[in-house]
Amino acid sequence: MRSYARIVGSLFITAALVAGCSSTGASPSTAIQAPASAAPPAASAPAEGAATVEAKPVGAAGTVLVDGDDGMTVYTFTKDTKDSGKSACSGDCAVTWPPLTVAAGATPTGGTGVTGTLATITRDDGTLQVTYNGLPLYYFKNDKAPGDANGIYQNWEAVKP
């Protein structure tokens, strides 16, 4: 019984340490669901907190929206309907174009240069996806570093502030 209590206690301490170290120095309410340096988050990966979106110059794309933590470019899908509360990108589409998400109860915020309205919609899988002026925001899986804008394709646009 005593070793069981030690194991359970150790698990709680480990979980607290992991939670305390996972927010990259920001408080949990301001941490961003951002892609890892090698790849964007999986579509089903939950966000840690509220997303901050900023406007920054990104090569030939000009000044566009990026996530405020890693500076990764975000995109809109022209097949999404503004203010519909739905994303037209799911399944394999969401693997290539992972949604920018926030944790339940979190509110996205606009950083430097953001003049539009940030909000969220609930995706079919229950995650909250960030929207800008009523359109869902996505990453592109082949953007590997800040300043990449490889996701500008037919039906996909980098977002102008």
Side-chain angles (χ1 to χ4, degrees), residues 15-78 80 87-161:
L17 288 172
V18 168
C21 296
S22 66
S23 69
T24 66
S27 68
S29 64
T30 60
I32 299 167
Q33 172 60 29
S37 60
S44 61
E48 292 181 22
T52 300
V53 178
E54 299 177 341
K56 294 205 173 181
V58 175
T63 300
V64 296
L65 297 187
V66 300
D67 75 49
D69 185 36
D70 287 342
M72 300 300 286
T73 304
V74 294
Y75 302 87
T76 54
F77 186 33
T78 61
D80 284 328
S87 167
C89 181
S90 60
D92 288 342
C93 176
V95 171
T96 302
W97 303 93
L100 171 58
T101 60
V102 295
T107 303
T109 57
T112 305
V114 176
T115 59
T117 303
L118 291 166
T120 59
I121 59 170
T122 302
R123 293 181 57 80
D124 291 341
D125 65 4
T127 59
L128 293 180
Q129 183 171 7
V130 177
T131 63
Y132 184 70
N133 292 334
L135 290 170
L137 297 178
Y138 305 86
Y139 296 106
F140 180 57
K141 76 174 188 174
N142 291 331
D143 283 351
K144 303 297 183 191
D148 285 352
N150 299 314
I152 300 172
Y153 284 95
Q154 181 178 356
N155 297 320
W156 291 95
E157 301 172 345
V159 185
K160 299 289 183 180

Quick check for you: to the nearest 0.5 Å, what is the distance between [X] atom [atom1] and [Y] atom [atom2]?
| X | Y | atom1 | atom2 | answer |
| --- | --- | --- | --- | --- |
| T107 | L128 | OG1 | CG | 9.5 Å |
| D124 | Q129 | CG | CD | 10.5 Å |
| D143 | N150 | CG | CG | 5.0 Å |
| N133 | T76 | CG | OG1 | 10.0 Å |

Ignoring hydrogens and angles, tell me if any N or O in the side chain of [X] forms a donor-acceptor pair with the backbone of [Y] under 3.5 Å.
| X | Y | result |
| --- | --- | --- |
| D80 | S87 | no |
| R123 | C89 | yes |
| N155 | T78 | no |
| Y132 | P161 | yes |
| T73 | D148 | yes |
| K160 | E157 | no |

Check your understanding: Does a donor on one side chain sit under 3.5 Å from an acceptor on the other, for T109 and T52?
Key ->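 Yes - a donor-acceptor pair under 3.5 Å links their side chains.
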Practice item. Give a yes-or-no answer on whether the side chains of T96 and Y138 include a donor-acceptor pair shorter than 3.5 Å. Key: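 There is no such pair (donor and acceptor under 3.5 Å, judged by atom type) between the side chains of T96 and Y138.
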Point to revise | Close side-chain approach of I121 to P136, heavy-atom, < 4.5 Å | key: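 Result yes, sub-4.5 Å side-chain heavy-atom pair found.
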Review point. Quick one: are V102 and T120 in side-chain contact, heavy atoms under 4.5 Å?
Key: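 Sidechains of T120 and V102: in contact.
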Point to revise | Test log, rule ring-ring contact (aromatic ring centres under 6.0 Å, His included), inputs Y75 and W97 | key: CA-CA 9 Å; Y75 302 87; W97 303 93; 5.7 Å; yes
Exercise for review: Begin with the C-alpha distance, continue with both residues' side-chain angles, and end with the deciding distance and a verdict on side chain to side chain contact (heavy atoms under 4.5 Å, CB included) for V159 and L137.
Suggested key: CA-CA 9 Å; V159 185; L137 297 178; 3.8 Å; yes
Taking all non-hydrogen atoms of both residues, which atom of [X] and which atom of [Y] are closest, and how far apart?
| X | Y | answer |
| --- | --- | --- |
| G147 | V58 | O-CG1, 3.2 Å |
| W156 | C93 | CZ2-SG, 3.9 Å |
| A158 | V64 | CB-CG1, 3.7 Å |
| A119 | P108 | O-CG, 3.5 Å |

Point to revise | Chi angles and distances behind the side chain to side chain contact (heavy atoms under 4.5 Å, CB included) call for M72, V66 | key: CA-CA 5 Å; M72 300 300 286; V66 300; 5.9 Å; no
**Study point:** Stepwise side chain to side chain contact (heavy atoms under 4.5 Å, CB included) check, D67 with V53
**Key:** CA-CA 5 Å; D67 75 49; V53 178; 5.8 Å; no
